[in-house]
Amino acid sequence: MSEKVKELFYRYRHGWILSYLIIYQMWFIYVERTVTRRFHIVHTAVDDYIPFVEIFIVPYLLWFGYVAIAIAWFFFKDVQDYYKLCIFLFVGMTVFLVISTIYPNGHYLRPRVFERDNIFISMVKGLYMIDTPTNLFPSIHVYNSIGIHLAVMHSEKLKERKWVRRGSFIMMLLIIASTMFLKQHSVFDVVTGCVMALVMYTLVYARSWQFGREHVYEGEYSRKRRYREG
């Protein structure tokens with residue numbers, strides 16, 4: 001292995017934490033295949049007053065890019081915030097999987113008949129075919145969207161980029177709304193996603209954490225300084 005390759009691996013060694021996504025995907029596929037008929041029904045009275053609006057399939061699908069781009073940006077630009085974001089996302093995703101495993105849940109909110117026929121309806125039909133109305137709370141769409149926006153708002157490198165911060169806020173709101181307007185989630189799923197995000201915020205962002213090589217270098221620098229002064 002050449003020195004350049006070794007240096008590349010060393011520089012981006014913090015990518016190891018992304019291996020969690022393999023575990024998550026395997027676990028998620030398991031609960032999706034297991035929870036099909038017998039589950040606890042999630043429903044609130046408010047759900048019955050929320051209309052089905054197919055155009056919200058756009059922000060719902062943009063969620064995937066929203067999350068991926070954010071993780072990639074912090075991966076290359078800020079290791080500290082990258083670790084915080086990954087911890088925020090992955091802990092919540094694990095809690096979701098545990099709940100889905102020990103408390104199978106689902107809903108019957110999806111429309112049985114579509115009153116319109118357009119490209120957005122076709123996209124929703126495709127979504128419904130690959131995503132079952134089970135394993136709902138807390139909503140990962142909601143939780144991860146909040147997590148991404150918190151990371152953006154707490155980033156010193158994005159502090160002056162107001163258009164990024166405002167755009168992230170709008171995207172977060174649209175994604176949260178899309179989970180209900182597409183009948184993908186109950187209001188209960190959204191609320192529990194917000195509550196879990198609030199709890200994780202106090203654990204990840206409301207206190208000072210140091211991760212990765214910056215912490216190592218800082219510790220080494222402090223030891224050398226104490227040695228010189230001693």
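Each residue takes its place number in the sequence, starting with 1. Side chains are part of it too, since the values below use all heavy atoms of this structure and drop only hydrogens, waters and symmetry mates. Every value quoted in this text rests on a predicted model; they were computed, and no experiment measured them.
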Give the intermediate values and the outcome of side-chain contact (heavy atoms from CB on, under 4.5 Å) for residues Ile22 and Met26.
CA-CA 6 Å; Ile22 299 175; Met26 293 175 61; 4.0 Å; yes
Quick one: do Val191 and Thr44 satisfy side-chain contact (heavy atoms from CB on, under 4.5 Å)? Show the steps, please.
CA-CA 11 Å; Val191 172; Thr44 69; over 6 Å; no
Where do Leu109 and His43 land on the side-chain contact (heavy atoms from CB on, under 4.5 Å) test, with the steps shown first?
CA-CA 8 Å; Leu109 299 175; His43 181 267; 3.7 Å; yes
Check step by step if ring pair (Phe, Tyr, Trp, His ring centres under 6.0 Å) holds for Tyr60 and Phe181.
CA-CA 10 Å; Tyr60 188 87; Phe181 284 124; over 10 Å; no
What's the verdict on ring pair (Phe, Tyr, Trp, His ring centres under 6.0 Å) for Phe137 and His40, showing C-alpha distance, side-chain angles and the deciding distance?
CA-CA 11 Å; Phe137 75 90; His40 299 84; 9.4 Å; no
For a side-chain contact (heavy atoms from CB on, under 4.5 Å) check, start with the C-alpha distance between Ser139 and Thr192, then their side-chain angles and the critical distance, and finish with the verdict.
CA-CA 7 Å; Ser139 169; Thr192 52; over 6 Å; no
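A pairwise comparison of heavy atoms in Thr179 and His141 identifies CG2-CB, 3.7 Å as the closest pair. Of all non-hydrogen atoms in Val53 and Leu182, the two that sit nearest each other are O-CD2, 3.6 Å. Among all heavy-atom pairs drawn from Leu85 and Ala151, the shortest one is CD1-CB, 3.9 Å. Shown here for Thr132 and Glu32, the closest heavy-atom pair between the two residues is OG1-OE1, 3.0 Å. The two residues Leu174 and Pro59 have their closest heavy-atom pair at CB-CB, 3.8 Å. Heavy atoms only, all atoms of each residue included: Tyr205 and Gly147 are closest at OH-O, 4.4 Å.
Transitive grouping of hydrophobic side chains (ILVMFWY, heavy atoms separated by less than 4.5 Å) brings Val91 and Trp16 into a common cluster. Cluster membership check: Phe114 does not share its hydrophobic cluster with Met129, using side-chain heavy-atom separations under 4.5 Å among Ile, Leu, Val, Met, Phe, Trp and Tyr. Taking hydrophobic clusters as Ile, Leu, Val, Met, Phe, Trp and Tyr residues chained together by side-chain heavy-atom distances below 4.5 Å, Trp163 shares a cluster with Met172. There is a path of hydrophobic side-chain contacts, each under 4.5 Å, that joins Leu62 to Ile170. The cluster map of Ile, Leu, Val, Met, Phe, Trp and Tyr, joined by side-chain heavy atoms under 4.5 Å apart, puts Ile23 and Ile140 in different clusters.
Taking Leu173 as the reference, Phe169 meet the side-chain contact (heavy atoms from CB on, under 4.5 Å) condition, with sequence neighbours excluded. In this structure Arg116 satisfies the salt bridge (charged side-chain N to carboxylate O under 4.0 Å, His left out) test together with Glu54, sequence neighbours excluded. Applying the side-chain contact (heavy atoms from CB on, under 4.5 Å) test to Phe75 and every residue at least two apart in sequence or in another chain returns Tyr12, His14, Tyr82.
Lys125 places no side-chain N or O within 3.5 Å of a backbone atom of Phe120 that could act as its donor or acceptor partner. Of the possible donor and acceptor atoms, none in the side chain of Ser155 sits under 3.5 Å from a partner among the backbone N and O of Val152. Distance alone, capped at 3.5 Å, is enough to place a donor-acceptor pair between the Lys183 side chain and the Asp47 backbone. In terms of modelled atom types and a separation under 3.5 Å, the side chain of Lys157 and the main chain of Lys77 share a donor-acceptor contact. Asp81 places no side-chain N or O within donor-acceptor distance of the main-chain N or O of Asp78, the cut-off being under 3.5 Å.
No hydrogens or angles considered: nothing links the side chains of Ser186 and Asp189 as a donor-acceptor pair under 3.5 Å. A donor-acceptor contact under 3.5 angstrom links the side chains of Trp27 and Thr101, judged on distance only. If you check the side chains of Ser168 and Tyr66, you find a donor sitting under 3.5 Å from an acceptor.
Note that the CE atom of Met153 and the NZ atom of Lys159 stand 10.5 Å from one another [nearest 0.5 Å].
Classified by interplanar angle (parallel below 30°, tilted 30° to 60°, perpendicular above 60°), the ring pair Tyr20/Tyr24 is tilted.
Dense packing is recorded around CG of Leu61, with more than 12 heavy atoms of other residues, nucleotides or ligands lying under 6.0 Å away. The number of heavy atoms from other shown groups lying within 6.0 Å of CD1 (Ile119) does not exceed 12. A 6.0 Å sphere centred on CZ of Arg161 holds no more than 12 heavy atoms belonging to other residues, nucleotides or ligands.
Taking the centre of each ring, Tyr143 and Phe88 come in below the 6.0 Å mark.
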